[in-house]
Structure formats: C-alpha cells, structure tokens
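The next block holds one structure in the form of structure tokens; read it before the comments.
Each residue takes its place number in the sequence, starting with 1.
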Amino acid sequence: MEKFTTLTAIAAPFAQKNVDTDFIIRVERCRGTPRQEIGRYAFEMARYLPDGSENPEFILNAPRYRGARILVAGEFFGTGSSREMAVWALAGMGFRCVIAPSFGQIFFGNCFQNGVLPVVLPAATVEALMAQAAASGAGPFTVDLERQTVNGAHRFEIGARRKAMLLEGLDEIGLTLALEPRIAAFQAADRARRPWVYAGVSNTHRRPN
C-alpha cells in the first residue's frame, strides 16, 4: 500500500447520512470488476443518470471537487454489508481519507487494510469542516497522521497498530511479515528449549515429565 503520512488535498463535503456499502458500490459490480477499474462505479446510483451520463447534481461531479482526496461525510458512513470493495471503490476515486462522526465497524477496519484513513471526529466538528469544504474559495485540508490532526487543530484518535500500518504502507499480513526476524529468533530459541514441540509427540520422543 502507499504510505500515509501527511495529506494536503481538496476536501469534498458529502452530508448524506447512513451511506451504506451498497450505495458506495452496487453488489453486482463486486463480481468480475477488476480492482483497478472499480472506482468508476463508486456512488453509481447517484453519480450517473439512467443514460450513463454524469449527474450534474451529484456533489462529487462538481468541477471544484474533481481530484478531491478527502471526503467529509455524514454519520454512520459505510454501514451495511461487509464488502471490502466499498473501500476499493473510494480509493479508486482517489480518496485517501474519510472524515465522519461515525462509521460502519467492518468498513472502518477495511479502510486500514487498503490504505484509506478513516477519521472520527465529533459531529459538530465534522459539520464545521463540511461547511468549510463547501465554502466558496475553500483551500485544501491537511490531515497529519503522525500528529493525528486535521488542519492542525482537530485531533483524532487512532490505535497504535493501525497507525503503524498506514505510516508504513502495510496491511495486517505485511505488518506481521515485518516482524519475521523477531519471529524466527523466537522460534530458534524455543526450538532449542523445547525440541519436542517441533519434533512432535511420539513413542520415541516424548516430552519429559
């Protein structure tokens, strides 16, 4: 995954509440769509008109939000099914960070596995940030993961392991593999101390009493 340290980018306001994963990516797009192409189908039901053309009323189609990498969203973002493709779709649109008062639990975890930072802030703070993003002439937002701040003023909490995953650009497997030298050293010492564990229990090689 791409490392996440500090992100300075356009922020797009998306005030809708209770946005579920089916709204983010329709279930029929989750089968047979290459991961690198799934972003084109994000928010498909609102993003496009029935004839396939872009819906000019959809906020993320506005010219000023083209290229936005931060999404400021309403509460309960990413609820519904556990489909990881919802995060793939957001990342495919270019989003690296979603700020909201609350998230669907599984969606929240899937974000870290795919290089997207979900930031939880109080509802009043998110509302103020949304208004800032919507204001005429709004400048970019800055999300600093190392300092755990948005725009230098709003601090968010994040677990140490998940923070390390994003800072290092590693998923859970990669984070574990990074510990391989320590794991190997432990196994070597343990093998010398308890060889029966590795040899297996047999009639000829039993663990001593």
Side-chain angles (χ1 to χ4, degrees), residues 1-4 7 9-55 57-62 65-121 126 130 133 143 145 156 158-159 161-177:
M1 300 188 301
E2 181 184 354
K3 293 181 180 181
F4 190 117
L7 173 65
I10 297 169
F14 194 68
Q16 187 171 332
K17 299 178 181 180
N18 300 300
V19 172
D20 63 22
T21 52
D22 191 57
F23 185 80
I24 298 172
I25 187 70
R26 293 168 57 179
V27 67
E28 58 266 35
R29 300 298 187 189
C30 296
R31 184 176 63 180
T33 305
R35 181 170 179 173
Q36 64 271 20
E37 296 179 14
I38 204 167
R40 64 186 291 192
Y41 301 111
F43 303 112
E44 182 178 2
M45 291 179 282
R47 188 176 171 189
Y48 302 107
L49 297 174
D51 64 1
S53 61
E54 288 190 349
N55 178 4
E57 300 301 318
F58 184 58
I59 186 70
L60 300 182
N61 285 338
Y65 297 121
R66 303 276 184 178
R69 306 200 74 194
I70 301 168
L71 189 67
V72 187
E75 61 183 351
F76 306 121
F77 188 85
T79 56
S81 81
S82 61
R83 68 193 70 162
E84 190 174 12
M85 295 80 170
V87 181
W88 295 1
L90 286 176
M93 283 191 74
F95 290 109
R96 293 293 319 276
C97 177
V98 183
I99 302 169
S102 53
F103 291 89
Q105 184 176 3
I106 297 176
F107 174 88
F108 185 81
N110 284 339
C111 283
F112 294 101
Q113 293 285 81
N114 293 280
V116 175
L117 171 62
V119 171
V120 177
L121 289 173
V126 175
M130 201 172 294
V143 180
L145 178 56
F156 59 89
I158 182 173
R161 182 176 177 85
R162 284 173 162 169
K163 181 176 181 178
M165 287 171 62
L166 289 173
L167 287 173
E168 296 300 324
L170 300 171
D171 60 11
E172 289 281 2
I173 295 174
L175 201 62
T176 301
L177 289 175

Working to the nearest 0.5 Å, report the span between [atom1] of [X] and [atom2] of [Y].
| X | Y | atom1 | atom2 | answer |
| --- | --- | --- | --- | --- |
| Leu90 | Asn110 | CG | CG | 11.0 Å |
| Tyr65 | Leu60 | OH | CG | 9.5 Å |
| Ile106 | Thr21 | CD1 | OG1 | 9.0 Å |
| Leu145 | Leu167 | CG | CG | 4.5 Å |
| Gln113 | Leu170 | CD | CG | 10.5 Å |
| Ile38 | Arg29 | CD1 | CZ | 9.5 Å |

Which atom of [X] lies closest to which atom of [Y], heavy atoms considered:
| X | Y | result |
| --- | --- | --- |
| Cys97 | Val116 | N-CG1, 4.2 Å |
| Val120 | Pro101 | CG1-O, 3.3 Å |
| Ser53 | Asp51 | OG-OD1, 2.6 Å |
| Asn114 | Arg35 | OD1-NH2, 2.6 Å |
| Gly74 | Ala100 | O-CB, 3.7 Å |
| Phe43 | Met93 | CD1-SD, 3.8 Å |

- [ ] Would you please test Met45 and Phe23 for side-chain contact (heavy atoms from CB on, under 4.5 Å) and show each step?
- [x] CA-CA 7 Å; Met45 291 179 282; Phe23 185 80; 4.1 Å; yes
I'd like to know if the side chain of [X] and the backbone of [Y] have a donor-acceptor N/O pair within less than 3.5 Å.
| X | Y | answer |
| --- | --- | --- |
| Arg96 | Glu2 | yes |
| Arg69 | Ile10 | no |
| Asp22 | Ser81 | no |

Task: Evaluation steps, side-chain contact (heavy atoms from CB on, under 4.5 Å), between Trp88 and Thr33 - done: CA-CA 11 Å; Trp88 295 1; Thr33 305; over 6 Å; no
TODO: Quick one: sort the Phe14 and Phe58 rings into parallel, tilted or perpendicular, breaks at 30° and 60°.
DONE: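 Rings of Phe14 and Phe58: perpendicular, as their planes differ by over 60°.
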- [ ] Evaluate the ring planes of Phe77 and Phe103, with Trp represented by its six-membered ring, and classify them as parallel (under 30°), tilted (30 to 60°) or perpendicular (over 60°).
- [x]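 Aromatic pair Phe77/Phe103 classed perpendicular.
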Open item on the list: Quick one, Glu28 and Glu44 - any side-chain contact, counting heavy atoms below 4.5 Å?
Closed with: no
Open item on the list: Do Phe108 and Ser102 have side chains that approach each other closer than 4.5 Å (heavy atoms only, starting at C-beta)?
Closed with: no
Open item on the list: Looking at Gln105, I want to see if its CD is surrounded by more than 12 non-hydrogen atoms of other residues, nucleotides or ligands under 6.0 Å.
Closed with: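 Check fails, neighbour count at 12 or below.
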Task: Within 6.0 Å of CZ in Arg40, more than 12 heavy atoms from elsewhere - done: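 Open: at most 12 neighbouring heavy atoms sit under 6.0 Å from CZ of Arg40.
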Task: Passing option when Phe107 is tested against Thr79, Ile24, Asp20 for side-chain contact (heavy atoms from CB on, under 4.5 Å) - done: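 Of all the options given, the one that passes is Ile24.
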